[in-house]
Amino acid sequence: MRFGIAGAGFSGAVIARELAEAGHEAVVFETREHVAGNCHTERDPETGVMIHRYGPHIFHTDNERVWEYVNRFGVMMPYNHRVRTTVGGRTYLLPVNLLTINQLFGTALRPDEARAFIADQADSSIEEPQNFEEQALKFMGRRLYDAFFHGYTRKQWGLSPTEIPASVLKRLPLRFSYEDSYFNHPHQAIPRDGYTAIVEGILDHPGIEVRLSTPYTPEDREEYDHSIWSGQLDAWFDHEHGPLRYRTLDFEEIRATGDYLGCSVMNFGDVDVPYTRIAEHKHFAPWEEHEGTVCFREYSRLAEPGDIPYYPIRMANDKTLLSQYVEAARAEQDVTFVGRLGTYRYLDMDVTIGEALTAADGILEAIEESQPIPSLFVEA
Ligand code: UDP
């Protein structure tokens, strides 16, 4: 079969590869002049630092299939992500751990003591947290929440934390040890040659043709047996029910010599500091050495038409709109919706790759059994 695939990020690339390896033909269309979507990396010509053009991407997973998959296409260098945060003129360690707690409260508690202390701070009257704030108050209490989560979350989402789903906080652990690794997963790494080289490797197959700077439109579907859409779900339907909302990011560059931050990511929790965080990209490649340094301040705002979509907002009204598009997607034939934009979800890279592999399995199975190919393989 001949597939038209919209988008050369991880979703489109992995599906193209799996289909091509099974003997099908894939034409991958990419609006931008590079592959890898928002994971794109490129060397800064002045300093030689590998820049994560659309913000920091740290690969972490507990999915063995995904881990083996990325290792097929590039050298993954061990990397342990650590984040610090500055609030009220002081610097603390994230995710919230025993040192963070002891520093904030001026205590020297051991794990069991800290657990009891935080349980005492927590709001036990909240049974089923309905939003981000309730989730935080239930698990850590007002003081930790106010210090590390309230301001940052307001800036990141542009909304009161009472309007944000509880699931967003569940991304972050609360630790009663001095372990300050940001992620819990057994595999954590950054590709030596960048994410773009990995995606180029995935796309490097005789059954795959890549067309850069070439958008795919729903009209193009006529030329293919089946389409894979990793663009914005609502864009496929010409936004007919209204636009699904996203947060976008603006980056402000800082150049210096030596070490500007002393770490890869510093968050800023104060609401009156207009940016959410600064990332110093050479620290994402600690095996390299560079004299110069490049950092980016990150400012988050509501995406306007034409802005790059980053984080799907998924508040109650967005979800109502989403359900209309999901219904329309389910009714479609000869197109499958995949990925962060195609399913309007906040996805880490490993989940994106894992879902792309599952979708490709499902597509190949449907072909084998002469069944129609499903338009969605996940609950959007
Ligand atoms: N968060 C926060 N304070 C921090 C870091 C994160 O309140 O210092 C909240 C914020 O709402 C954010 C969410 O936790 O959107 C998830 O954080 P994560 O670091 O996973 O965000 P990402 O790196 O994906 O932007």
Side-chain angles (χ1 to χ4, degrees), residues 37-39 52 54-61 79-88 90-97 99-101 103-104 129 131-137 139-175 180-185 188 190 245-251 261 263-271 273 275-281 283-284 296-303 308-315 340 345-352:
N38 280 3
C39 308
H52 300 208
Y54 306 92
H57 282 75
I58 293 96
F59 190 86
H60 55 96
T61 193
Y79 173 83
N80 193 356
H81 193 46
R82 294 196 166 87
V83 177
R84 281 71 175 100
T85 185
T86 298
V87 277
R90 285 169 186 258
T91 298
Y92 301 87
L93 299 187
L94 286 182
V96 174
N97 62 61
L99 190 60
T100 325
I101 295 168
Q103 285 179 325
L104 182 71
N131 57 55
F132 185 99
E133 181 164 299
E134 288 185 8
Q135 176 82 17
L137 294 176
F139 283 101
M140 63 183 79
R142 168 73 56 191
R143 185 96 185 267
L144 279 168
Y145 167 68
D146 279 350
F148 302 116
F149 297 94
H150 181 81
Y152 188 97
T153 297
R154 263 211 100 85
K155 292 191 288 183
Q156 171 70 9
W157 296 97
L159 292 162
S160 160
T162 55
E163 295 174 79
I164 296 166
S167 59
V168 172
L169 184 72
K170 290 185 193 150
R171 290 174 57 80
L172 302 179
L174 169 62
R175 297 217 185 96
D180 65 342
S181 180
Y182 203 65
F183 302 115
N184 286 325
H185 285 154
Q188 216 187 126
I190 291 198
R245 297 183 310 154
Y246 287 86
R247 299 295 287 176
T248 192
L249 299 174
D250 294 319
F251 295 99
L261 272 184
C263 63
S264 57
V265 176
M266 177 67 74
N267 288 355
F268 291 86
D270 294 317
V271 96
V273 174
Y275 42 90
T276 52
R277 59 187 178 187
I278 304 180
E280 182 162 16
H281 289 222
H283 293 306
F284 295 122
F296 295 91
R297 291 193 186 99
E298 257 177 54
Y299 297 81
S300 169
R301 64 178 170 80
L302 187 68
I308 298 171
Y310 284 83
Y311 300 89
I313 297 182
R314 295 185 74 96
M315 301 305 136
R340 178 177 61 93
R345 286 172 311 141
Y346 190 171
L347 295 184
D348 287 333
M349 286 181 285
D350 65 321
V351 178
T352 307

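One-based numbering, in listed order, for ligands and for the atoms of each.
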Any side-chain heavy-atom pair of Phe149 and Leu172 under 4.5 Å: yes
Ring geometry between Phe251 and Tyr310 (parallel below 30°, tilted from 30 to 60°, perpendicular above 60°): perpendicular
Residues Arg175, Asp180; criterion salt bridge (Lys or Arg N to Asp or Glu O under 4.0 Å); working and verdict: CA-CA 8 Å; Arg175 297 217 185 96; Asp180 65 342; over 6 Å; no
Ser300 versus Arg247, side-chain donor and acceptor atoms under 3.5 Å: yes
Donor-acceptor pair between Ser264 and Tyr79 side chains, under 3.5 angstrom: yes
Amino acids contacting ligand 1, non-hydrogen cut-off under 4.0 Å: Leu94, Phe132, Phe148, Phe149, Tyr152, Thr153, Gln156, Trp157, Val168, Arg171, Leu172, Tyr182, Asn267, Arg277, Tyr311, Tyr346
Asp348 and its side chain to side chain donor-acceptor pair (under 3.5 Å) partner, picked from Arg171, His185, His57: Arg171
